[in-house]
Protein chains: 2
Amino acid sequence: MPRRHALELFLKQVQMFRHLSAAERQRAAAACRERSFDRGEAIFHEGHPSDSVWLVREGRVHLLHYLTGGRVQTTCVMAPGESFCCLPALDRGSYPATAVAATPAKVIQLPTSVFHELMQGSPAMAQETLCTFCTRLRQVEAKGCLAHDPVDRRIAQALLTLQKKFGETIPMTRQEIADLVGTTVETAIRTISRFQKEGRVRSTRGKLALLQPDALKQLLS
Amino acid sequence: MPRRHALELFLKQVQMFRHLSAAERQRAAAACRERSFDRGEAIFHEGHPSDSVWLVREGRVHLLHYLTGGRVQTTCVMAPGESFCCLPALDRGSYPATAVAATPAKVIQLPTSVFHELMQGSPAMAQETLCTFCTRLRQVEAKGCLAHDPVDRRIAQALLTLQKKFGETIPMTRQEIADLVGTTVETAIRTISRFQKEGRVRSTRGKLALLQPDALKQLLS
DNA sequence: ACAGGGGTATGATCTGGATCATACTGTGGA
DNA sequence: TCCACAGTATGATCCAGATCATACCCCTGT
């Protein structure tokens, strides 16, 4: 079954699963369910009970909170190969955020029960999971201490981070960047336009390339 | 040795260690080193390598980041019985924040190596550690999505959280509260004075009591 | 007893960025 | 082909909160 095989290859590229044995990976793949979501569609909602761990197969998924006044605060942007919201799988709590497909997306859903079995059977996977977790905590912590910096610095920081994730070209709109750094579209547009005038970035509709990363880094001083 | 015995009793009250057997707790107590710090003194610094897990025995300890311009961003306030900065013990990275004694404080230092031994030997402790961790991640996440709310809401939220930690009276100055919510002393003073006029809180020098928690909660709407 | 400093208080002013308004442009769908 | 809409752009105005200045109060150490 080639589809199954492709899935196993995919799992091999996911950090948390990369040290599973072939048999374990087969076991995981057998329990996976692949689902498709349209752009803008919610995958799950903050506060709802969780019974699955999720992986991005294709497209882009955002973790976000709806704020009072209809505003959106995006806390995390996930690219293919990344897992998201393992936290409720570990503490059996509810989803800490809402997940939305930011583009048409294929995601993989692995039941928490199977996730636990795998982790019990594989110390390496438990270790990787813990590691993923630690990384996430450090990220959130780092982002938190930029929260009250001026907007241009927050945007510069976000772009540098996104570049690490997406490479040369960042496939996001100003609105999405605004939601990510906690500002308005207008301000995001003005700031990024300024960056462009200063030769730091180049942008086309829905895309954004960093010309000289160092030129952004110097904003972070 | 009564001192040793007191220490074991203390460990029993720390969430992470509460399920250790008497023998394991003895082992832990034997490896602990107690240290005293003056108010304002640093316990460790962000970015430095870590070889210990820390517990607050007496006093109050703040985790914080120094920002550009000499500002301080406090990310966490720890009361007696709480552990802090276990993260580097798990991922063997460096300290993610600086710890400062906010009052004269006694803290307990447990070598990472012993911490790992204990965790290896006690699944219950491993579970508790993970749990502490998850809680921390949820807290940080929750705080993050309030970051761009108006100051009065951030302060109200902080006071409610602090009340859970300290009970009726919160032993903190306006400056400390300002650093915690990411604002200036002046704004913190004005806001809290307003709360007082509105009958929501009562304050004396360095202390602050919530009169009607519900009156603050309604600010969070 | 007194001096000095940290904590609290309050006014005046300034500004980054939100808000409101309007318009242009590229893209996808009928 | 053209319409509708999402994304981008830009100006005008407004305001929460930072910044600057000054003062008072209470505690601690000498």
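Chain identifiers are assigned alphabetically (A, B, ...) following the order of the sequence lines, protein sequences preceding nucleic acid strands; residue numbering begins at 1 within each chain.
Taking atom CD1 of B:Ile192 as the reference point, atom C1' of C:dG7 lies 12 Å away to the nearest angstrom. The CZ atom of A:Arg194 sits 12 Å away from the C1' atom of C:dG16 (whole-angstrom rounding). In this structure, A:His148 atom NE2 and C:dG16 atom P are separated by 18 Å, rounded to whole Å. Across the protein-nucleic acid pair, A:Asp38 atom CG and C:dG28 atom C1' stand 15 Å apart, rounded to whole Å. Atom-to-atom, CD1 of A:Ile155 to P of C:dG16 comes out at 15 Å; the value is rounded to the nearest Å. Rounded to an integer number of Å, the gap from CZ of A:Phe195 to P of D:dT8 is 16 Å. Regarding B:Met172, its CE atom lies at a distance of 16 Å from the C1' atom of C:dG6, rounded to whole Å. Remark: P of D:dT19 and CZ of B:Arg71 are 5 Å apart, rounded to the nearest angstrom.
The side chain of B:Thr184 lies closest to D:dA18 when the candidates are D:dG17, D:dA18, C:dT25. Checked against C:dG26, C:dG11, C:dA9, the side chain of B:Arg190 finds its nearest nucleotide in C:dG11. For B:Arg174, the listed nucleotide lying nearest its side chain is C:dA9; candidates were D:dT8, C:dA18, C:dA9. Of all nucleotides listed (D:dC20, C:dG26, C:dG7), C:dG26 comes nearest to the side chain of A:Arg205. In the set D:dA18, C:dG17, D:dA9, the nucleotide with an atom closest to the side chain of B:Thr183 is D:dA18.
With salt bridges taken as basic N to acidic carboxylate O contacts below 4.0 Å, none links A:Glu141 and A:Arg136. Salt-bridge check for A:Glu82 with A:Lys165: passed, with a basic side-chain N closer than 4.0 Å to an acidic carboxylate O.
Separation of atoms CD (A:Gln157) and NZ (A:Lys217) is listed at 10.0 Å; rounding is to 0.5 Å. A distance of 12.5 Å separates NZ of A:Lys207 from OG1 of A:Thr173, quoted to the nearest 0.5 Å. Taken to the nearest 0.5 Å, the OG atom of A:Ser203 stands 9.0 Å off from the CD1 atom of A:Ile177.
The phosphate of C:dG17 (OP1 or OP2) has no side-chain N or O of A:Thr187 nearer than 4.0 angstrom.
Across all strands shown, A:Ser193 has heavy atoms under 4.0 Å from sugar-phosphate atoms exclusively, and none from any base.
Mapping B:Glu186 and B:Arg39 onto DNA chain C by nearest heavy atom places B:Arg39 closer to the 5' end of the strand.
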